[in-house]
Structures are given as structure tokens and as C-alpha cells.
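Data block below; observations after.
Throughout, a chain's letter reflects where its sequence line sits, starting with A, and its residues are numbered from 1.
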2 protein chains.
Amino acid sequence: MRVTSLDVARAAGVSQSTVSRALRGHPGIPPETVRRVREAAAALNYIPSDRARDLATRSTRRVAMVVDLDNPLWSLLVGRLYDELARHRYRLTLIAEHGDPEDIESHVLGGSVDGVIVSTAARGSRLPEVLHDREVPTVLLHRYAEDVRLDASVADDRLGARSAARILLEAGHRRIGALLGPSSASTGRDRAAGFHDALAEAGVEAAPEHVRHGGFTFEHGRSAVTEMAAAGTLPDALFCANDMIALGAMNAAHELGLRVPGDLALVGFDDLAEAAWPLVGLTTIRVPFEDMLRSAVDLLLERITGFRGGPRRVVHPVEPVLRSSHRRA
Amino acid sequence: MRVTSLDVARAAGVSQSTVSRALRGHPGIPPETVRRVREAAAALNYIPSDRARDLATRSTRRVAMVVDLDNPLWSLLVGRLYDELARHRYRLTLIAEHGDPEDIESHVLGGSVDGVIVSTAARGSRLPEVLHDREVPTVLLHRYAEDVRLDASVADDRLGARSAARILLEAGHRRIGALLGPSSASTGRDRAAGFHDALAEAGVEAAPEHVRHGGFTFEHGRSAVTEMAAAGTLPDALFCANDMIALGAMNAAHELGLRVPGDLALVGFDDLAEAAWPLVGLTTIRVPFEDMLRSAVDLLLERITGFRGGPRRVVHPVEPVLRSSHRRA
DNA sequence: TCTCTGCGTGCATACGCTTGCATAGAAAGG
DNA sequence: CCTTTCTATGCAAGCGTATGCACGCAGAGA
């Protein structure tokens, strides 16, 4: 903040604009001049002001990610997004979904970021709509919003859930239940739909008391299994709409003295690193987060650099990971 | 970026500076004028440019956090830091430690942030030193750097490790080993020291083959136990320098058919939410991350707002959480 | 020797906001 | 009714960089 390009200019005996051009690698500056400027800059410990540059160029090389900080998934997403953005020399600003909506909007629209990645398109949030109306480059990640015409990079949740349910069917289970996510999220809806697809195909019916909706949380899985057991309505196998739910279910089962699998078979969804931790390996559906982030960033940068076509949706295939929690006794 | 305060000024029939003052709540602007300006701003959908404001005020209300994205702990820290900063109307920018050092420095020093929280003061990183020399408001979180005079908010790692080892001693274990962290981190060193404190006090000695250094990772715990078992040098109990190591150790033990506790007792450190997940509850030392972040933010904001005193170190007490993994057969 | 290119550089302005200083008009005091 | 004191507002100068345009000068061509 102290030493400016003007200081460097004086030290190098050139004008401020030459300093700018030399340092930014503009064509038409002879190597000798560049060297002199570089030296002067280094000698003075000159560091250009991002803020002034941003103001002058009307761009920030910064992307915001809106996440639900209560969902452990975000940490996985953010870490990878960071790396992916770094490859393109973009920076990352975090915005929590649970913040003041006004504040979120002003942050995004205040020009502190060139684009936004929204990993939490819960129904009811008007953020996607606002972003669309204001023409802020935006990509929905992991979840999409049917009603807003925005780019999205998502997993094939419906097909994945169908595979998950099939794994249980093929293992020979028939009394199959499901711990589903909230239907406010596209992931919740699609994974529920996929589950029902598979059962319908197999001509199997899930008892209503075996199917529960809840948050994508450890606690949902834990309480659901505890309550089902108490009510004596525990099925043989449970499809859990994500790994957190499955881990919670596994935990509850263990506390009840139930073996997994054996007494209760489980299949999750996501393939968090944690899925490999529990003492019983969790069978799950792997979501290719890395790929999803890569295309999310690609979509976003295209928007930022001027692409104006209609909304695109990239759907990534998912893949079953068979460990042991799905087996039949 | 389109509609500026000048547009609002014209619409409201006042000057641009009046718009600025009215919207920023400066004293001496009559309510009537404020109302007119507000209305005009709302009608035009005016959103002030953060960048221009930043440039004019030489402040950004933004804090950077430098984290090690390979360490799962960061997600816990970042989430809470976000909230804590939000309370003070500050924004958060993420910087990964594994990035290009040049780039990290230029980011931090380029004036895009008012201050920095470093949660990864590994020895060898010259970042703390640079920040100190440049007089960038900085607070070290979780780990500190002995050689650089910076504020820090840390846990009482040494005392915590001592409690952890004592838990094992008091449970009656005598053949106690430790899976320690890297000595490049203050947490690694202090937790190792605390472990040795407790053993020395009790007059117990740890066999060299029972003590291993490694990363703060699941993999370290996993491979250490696997290798010790293979070599026939497994102790009765292990102090793990953090929960990730403990979870890895527990996982390996299970694969080897060893019961935890019983065949192998474990105590961890941190009390991650995950510590409660495994089928055997992990006994651990709870680190008050929430408190640590609160004081880290307080320290930082004081620096940002001009405090110039010497370095302060806030040490937070830790607390044992007794589940079952520490028991004796 | 005199234009004509073209390269290297500088001048000046823009980016959108904050803020010290000046001023016009209203209120207060004599 | 005039001077003094506020009050409300406007003017204009930054903040530090990027960049269109103009210009000087050297070498080329005639």
C-alpha cells in the first residue's frame, strides 16, 4: 500500500504507465526496459495494489462460492474448488448460505467477485434468481434449480440412487427402506426418485414406515434407525441418500447391538473419505466431485469471459463402490 | 457495476458526495434527504462498488485465512471463523498453504485483505516472518511460531497431551506408546512433550519402538498400527496426537482383528465430530476451537484497528472427553 | 537530405467511491 | 437589520492502476 508504481517509475527513470506495461508483460516493451523496471520494483519491494487494479480493469479474478456450512460436504467441495480455481489464477471467497440474504447479494453484486458457484440451491432461496436477473456469471454445483436458467454441474443422482437400491436388491434383500434427504434439494428429490425407480422395476414395494425424509445429516440416520428399532419397524436394508446419513445409521445400529451388515444392510451415497473409516466399510455410490468441480469452473470461466448462450447442464456419471455394508447375512 | 452513486445523485437531485454520506449514515444529513437518496438508490437497484470503496478507504473488511487444505481440521476452523468474522461484518478469503509462496505473499500483501489468520505455522514457512516484517495484521491460530513475534491463539497442547497420557496411566496401562505428529508444528512438539511429561511423572518409560512420529493423518495411524503389529511391538495403549491418527489406528486395529479397547486402548486429541462416529467412541482431549477462533478474531481486529503492542499469546484450556477407547481390558 | 514507418514512451483520463474544505442559506444574537 | 454561528450540501482531490492516444525519434526508402 505504500510503495506504488509511481515510485517504481521514478526509481527506474520511466513513466508510471511504462512500469505498468513492463510489469504486466505488455508487448512492445524492450527487454532492457523491462529489466530495469523489474529491478527497481524488486529493490523497492513493490507489490501492485489488487484493489486499484480491480477498479481499473473492472475484474477481480475472484470467484465466490456459496455453501451451506452446516453440511460437511462443503469442505470437500471448497478444497477442490480452490485448487481448480488456482490453476486458472483465480481466488476464492467464501459465502455462507445461512448469512443475511441482503448481505449475500450485496457481496456478490458489489463487484468483489467475477462469478459465483452455488453449491446449495435449496428451494426457496431466491439467490439463483437474483444472480440470473443481474446477469452475474453463475454455475450451480451439485444441485440445480429447475426454475432458473443457469448453468449447472451435477452428478447423475437419479441413476446413482437406482444403482444403490439395485445393489441391495441383488444382494437378495427384499424388505428395503430408505432414509432420504430433503425434497427441497434437487439431490434429495432425484435420489428419492432413483430409489423408487429401482424398486418399481423389481416389483418390490417399500413399506411407508420404512421410508423417511430428513436432513442430509448424521443425526437423521442415527435417529431414524433408533426410532425404527424402537417401533419394531426396522427393515433388512436401508438406502441412505448420502454417506452422512449412512454413518449415522451405522452408528445407531451398533449402539443397538445390531450387526452391519447382517442385521441391517446399508448403502450410502457420495463416497466421502469417512465412508472408508468406520469399522464396517460403507458401500456407497461415488460422486466424481473432482470432475464436477472441473466442469463447474470451466462453465463459469466461459461465462466470465463472455459466453452468452443458454443454460447448460453437465451431468456426471456416478459409480458404485462395493465395500461390505450392503451384504446379506 | 453499471449504476453508480452518481446516477443515484442525479435521480435524487443531490450531489454524489451527499449520496455517499447519506448511504453511509454520516451525521449531519437530515432524515428527509436520507430518505430521498435511499429511495432513489432502491429504485435504481444501486449497489455500491466494493472495489472503489476499498480503494478510497484503504481497507477491505476482508480477512484471509491460510490453511492446509490437506488437513481435515481446516474445514472445522474455516466454518467457525466465517461465522465469527461475519459477526464483525468481515469477509473471508481462503488461501491454501500449498500454493505458490510468491502468490500467497502477493495476495496477502497486495492489499486484498486487512489481516491474516494463519492456521498452519509449519516450521520452514517464511510466511509468518514476511507478514511480521511487512506489518500485516496477523494472528497465528492453533499453532504458533516461536521465532516470530506475532499474536497467537492456541490450545494448551502440552497440558492436554499430559492429561491424555494420564488417562491411560490411570486406566492401568503401563506399556504405553504414542503416535505423534510432525515436530515441525508447535502442536506436534507440545503434544509430544506433554506425553513425555506424564510418563516421566509416573515413572513409566515408553519403549522407543512404541513411539512414532508422522503426519497428523489417518494414514499415519493406520500404517503405524499395522506395522507395529507386524513387528510384534504393539503396546497396550497408544496416545495419538490427534483424532485423525487415532481413527486410523482404530481402523487398522479392527482390520487386524484387535478389539479397541481390550487389545489396544486409544486416546486422541481435538474432539472432531468424527470422534463420536466410530463404533467405539474415541476418548480424546477436546480443543475449544470456538473460543480459539473468537479470540483469534479479537486479536486480529485489534491489530487491524491500530493496536501496536507486543505479541500476545492466548492459551485456551483443553478438556478430556472420556468415551470408551481408553479403557483397560 | 527529406519524408515515411514504426517502435518505445509519456500524458492524461477513467474506474467509483470517500472525505477535507469551502460555501450558501438559515437560524440566532445584538 | 446586520453580523455571527450553524447546518446542509457541493466541489474537488485523491486512492493506485490500466490504457487510448499522441508524439519523438531512429532507421528506411527515395
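- With the nearest nucleotide of DNA chain C identified for both B:Ala52 and B:His26, B:Ala52 has the one nearer the 5' end.
- With sequence neighbours excluded, the residues forming a side chain to side chain contact (heavy atoms under 4.5 Å, CB included) with A:Leu55 are B:Ala52, B:Leu55, listed by chain and number.
- Annotation: side chain to side chain donor-acceptor pair (under 3.5 Å) contacts of A:Ser15 (sequence neighbours excluded): A:Ser17, A:Thr18.
- With axes fitted over five pairs at each extremity, the angle between the ends of the helix from C:dT1-D:dA30 to C:dG30-D:dC1 is 50° (10° resolution).
- In this view, B:Arg312 and B:Asp151, B:Leu299, B:Glu302, B:Arg303, B:Phe307 satisfy the side chain to side chain contact (heavy atoms under 4.5 Å, CB included) rule, not counting sequence neighbours.
- For residues 20-30 of chain B, there are no side-chain hydrogen bond (donor to acceptor under 3.5 Å, both in side chains) pairs, not counting sequence neighbours.
- Residue A:Arg10 contributes atom CZ, which lies 15 Å from atom C1' of C:dG10 at whole-angstrom precision.
- The existence of a salt bridge linking B:Arg35 and B:Glu39 is confirmed by a sub-4.0 Å separation between a basic side-chain nitrogen and an acidic carboxylate oxygen.
- Regarding B:Ile47, its CD1 atom lies at a distance of 14 Å from the C1' atom of C:dG16, rounded to whole Å.
- A:Asp50 has its CG atom 10 Å from the P atom of D:dT17, to the nearest Å.
- The side chain of A:Leu55 approaches C:dC15 more closely than any other nucleotide in the set D:dA18, C:dC15, D:dC15.
- With sequence neighbours excluded, the residues satisfying side chain to side chain contact (heavy atoms under 4.5 Å, CB included) with A:Arg134 are A:Leu109, A:Val130, A:Val136, B:Asn45, B:Ile47.
- Distance A:Leu23 CG to D:dG16 C1': 13 Å, rounded to the nearest Å.
- Listed pair B:Arg53 / C:dT18 meets the phosphate criterion, a side-chain N or O lying under 4.0 Å from OP1 or OP2.
- Rounded to whole Å, the distance from CZ on B:Arg58 to P on D:dT17 is 13 Å.
- Taking every side-chain heavy atom of B:Ser5 into account, C:dC17 is the closest of C:dG16, C:dC17, D:dT17.
- With sequence neighbours excluded, the residues forming a side chain to side chain contact (heavy atoms under 4.5 Å, CB included) with B:Pro30 are B:Thr33, listed by chain and number.
- We find that CZ of B:Arg51 is positioned 14 Å from P of C:dT18, with the value rounded to whole Å.
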- Where along nucleotides 4-10 of chain D does protein come under 4.0 Å, by heavy atom, of base (B) or sugar-phosphate alone (S), with - for untouched nucleotides? ----SSB
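- Taking the charged nitrogens against the carboxylate oxygens, B:Glu84 and B:Arg87 do have a contact shorter than 4.0 Å, which makes a salt bridge.
- Between B:Arg61 atom CZ and C:dT18 atom C1' there is a gap of 15 Å when expressed in whole angstrom units.
- Listed by chain and number, the residues in a ring-ring contact (aromatic ring centres under 6.0 Å, His included) with A:Tyr46 amount to none (sequence neighbours excluded).
- Note on A:Ser20: a side-chain N or O is less than 4.0 Å away from OP1 or OP2 of D:dA18.
- Regarding A:Arg2, its CZ atom lies at a distance of 14 Å from the C1' atom of D:dG16, rounded to whole Å.
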